[in-house]
Amino acid sequence: MGNSLSLSKRSRTRMEPLPIETLFKLPSPIPSWPPGGGFAKGTMDLGGLEVSQATTFTKVWSALEGGPDNLGATFFRPSTPDGFSLLGYYCQPNNKSFSGWALVARAIENGALAPPTDYALVWSSQNPSKTLKQDGTGYVWLPLPPEGYNSVGYVVTGSPDKPSFDEVRCVRSDFTEQCENESSVWATDGFNVYNTRPVTRGTQATGVSVGTFSAITPPTVVSLRNKAFNSYSCMPNMPQIQALMKAYAPWIYFQPDEQYFPSSVNWYFKNGARLHQKDSGNAVPIEPNGSNIPQGGSDDGLYWLDLDEKAREAAIKGDLGSAESYLHVKPMLGGVFTDVAVWVFYPFNGPARAKVGPINVGLGKIGEHVGDWEHVTLRVSNLNGELRRVYYSEHSAGRWVEASEAEFKGEGNNVAAYASQNGHAFYPKAGLVLQGPSGGVVGIRNDAARGKYGMDTGERFSVVAAEHLGVVVEAPGWLDYRREWGPRIDYDVDKEVGKVVRFLPGKVREKVEKLVKGLPREVLGEEGPTGPKMKRNWDGDEI
């Protein structure tokens, strides 16, 4: 195969420097989708500007040092279908599998695109003051737009000659909006390259990520704007949502020593959950689907859920046989992507454990609480149906992972998600993650591994919200419950810590006490969690 590079999503090889003319093509894992609408049709109309997603790239130049793991980065030119124009080039670090994508555009409305009036040389790797390990020489150019237009990306060349004015197009300002630098791709000697994203993101935001890079802070390039956003023309219909879950549904691996498993929400209601009201001594059984729990309002402490003491011991273990996933399907990044948030419910969150050097310490009741909601989000391109990124919720935060870097179950397309012992945070890989001060010596243990049990979230799932489908989705009553799914627990943190550290050496005891006092309330378990609709990512982007 010579210098060709496989782009299978399960490839874990790092990119090696490749000849200038080597082409990269991302495979389409799904041969066809159920019919209907504009989902996965290859193009999308942003209200007068048509976009498509480039899937073939030509390498232009590589740096062989700097950036993540000091392995450098590679700059690529996206291909353009007939009639479409480039908006900018693509860059990614060399320490991960190729995961390239970039939008190209065609003007439907007259004057939506225009060539640049000139180019400004932003940076060159031909620097006599510092020798850079590289494959060739790179020149980064900023297209200078005509009045009333904006640049969306940069051009990279292997020579000092200015690019052709026909190489890229600038976009009329009414089709653009402000972007921001998201994460660093590569840096060397004061020159920095970043991924970008729209500043305003959420289910109602119109900003569209382009896939190009920024080389200046704050960015001088912009995102696109979907002027036809409310049409939802390219969002998946119900059969397509079901096909997405069949293709990509996360497979959850539980840690071998896990004792507290998920259940369905209705199982929780039938097996000991009770509705409590402030200043009332009565605990009310909950009807299936939560039809008798209060709807709307806010997390005002007036109501909460708890387990009946007689049923508690059995209920906290969950019931994996009944467990199902609950989907929130929503438009993201101007409707060019669909986010499928896959929510899982646990009746109980187990106690936390700390690690101080080689010593592991159980923390008593700390970390325990009734009710636990966790999720994994699949970000899918509405242009071709490809899985682009996966978000793993980790307590009050989480992380995005490129699909090319995610782990999959067996030879299929199902994303692997590792649930940590007791705390149930999701991680993309097995292993130990310490929550706490940096350095990896002191922290709350998050142990994730493949145990005896697993959960296929695509086997039993319910679409509980897909606003773009309107009345097609009937939400369960519990979805609009805005209060806590477990009781607020009042206990003396110092007393709890004292019980478990009194036999530890003095320095170890001090570190554990300092660690626990710095934990957020959701980790301490002092209050029950709210449901999915109360999370900031319900209408917004993941952190």
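Numbers here are sequence positions counted from 1.
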Interatomic distance, [X] atom [atom1] to [Y] atom [atom2] [nearest 0.5 angstrom]:
{"X": "M245", "Y": "Q240", "atom1": "CE", "atom2": "CD", "value": "15.5 Å"}
{"X": "L244", "Y": "F39", "atom1": "CG", "atom2": "CZ", "value": "4.5 Å"}
{"X": "R225", "Y": "T200", "atom1": "CZ", "atom2": "OG1", "value": "9.5 Å"}
{"X": "L378", "Y": "R389", "atom1": "CG", "atom2": "CZ", "value": "13.0 Å"}
{"X": "S124", "Y": "Y139", "atom1": "OG", "atom2": "OH", "value": "4.5 Å"}
{"X": "D372", "Y": "F345", "atom1": "CG", "atom2": "CZ", "value": "8.0 Å"}

Passes side chain to side chain contact (heavy atoms under 4.5 Å, CB included), H424 versus N349? Steps please. CA-CA 7 Å; H424 309 143; N349 193 92; 3.9 Å; yes

Side-chain heavy-atom pair [X], [Y] within 4.5 angstrom cut-off:
{"X": "L86", "Y": "E167", "result": "yes"}
{"X": "C91", "Y": "F75", "result": "yes"}
{"X": "F213", "Y": "W186", "result": "no"}
{"X": "M235", "Y": "L469", "result": "no"}
{"X": "W400", "Y": "S183", "result": "no"}
{"X": "S62", "Y": "L64", "result": "yes"}
{"X": "L333", "Y": "R379", "result": "yes"}
{"X": "W123", "Y": "V193", "result": "no"}

Please check this pair: side chain of R388 against backbone of S99, looking for a donor-acceptor N/O pair closer than 3.5 Å. yes

What residues, two or more places apart in sequence or in another chain, satisfy side chain to side chain contact (heavy atoms under 4.5 Å, CB included) together with [X]?
{"X": "P145", "answer": "Y149, S151, C170"}
{"X": "T176", "answer": "N150, V171, S173, V222"}
{"X": "R482", "answer": "D480, K533, M534"}
{"X": "K246", "answer": "none"}

Run through Y427, Y418, W251 and flag the one making a side chain to side chain donor-acceptor pair (under 3.5 Å) with E407. Y418

Using a strict threshold of under 4.0 Å (side-chain N to carboxylate O), is an ion pair present between R172 and E109? yes

So, D447 and K355, do they make that salt bridge, N to O below 4.0 Å? no

Evaluate the criterion side chain to side chain donor-acceptor pair (under 3.5 Å) for residue pair Y89 and T157; output intermediate values, then yes/no. CA-CA 10 Å; Y89 283 35; T157 64; over 6 Å; no

Anything under 3.5 Å between a donor and an acceptor, one on a side chain of residues 41-52, the other on a protein residue two or more places apart or in another chain? List them.
{"unit_1": "T43", "atom_1": "OG1", "unit_2": "E50", "atom_2": "OE2", "d": "3.1"}
{"unit_1": "D45", "atom_1": "OD1", "unit_2": "G47", "atom_2": "N", "d": "2.9"}
{"unit_1": "D45", "atom_1": "OD1", "unit_2": "G48", "atom_2": "N", "d": "2.8"}
{"unit_1": "E50", "atom_1": "OE1", "unit_2": "R106", "atom_2": "NE", "d": "3.0"}
{"unit_1": "E50", "atom_1": "OE1", "unit_2": "R106", "atom_2": "NH2", "d": "2.7"}
{"unit_1": "S52", "atom_1": "OG", "unit_2": "G42", "atom_2": "O", "d": "2.9"}

In chain order, what residues pass the ring-ring contact (aromatic ring centres under 6.0 Å, His included) check against W343, with sequence neighbours excluded? H375

Taking it one step at a time, do D166 and R169 satisfy salt bridge (charged side-chain N to carboxylate O under 4.0 Å, His left out)? CA-CA 7 Å; D166 291 329; R169 287 292 182 266; 3.7 Å; yes

Decide yes or no on side chain to side chain donor-acceptor pair (under 3.5 Å) for T217 and N181, but give the supporting numbers first. CA-CA 7 Å; T217 302; N181 294 332; 3.1 Å; yes

Minimum-distance pair of heavy atoms, taken over all atoms of V376 and F426: CG2-CD1, 3.5 Å

Parallel, tilted or perpendicular: which describes the rings of F57 and Y90, with under 30° parallel and over 60° perpendicular? tilted

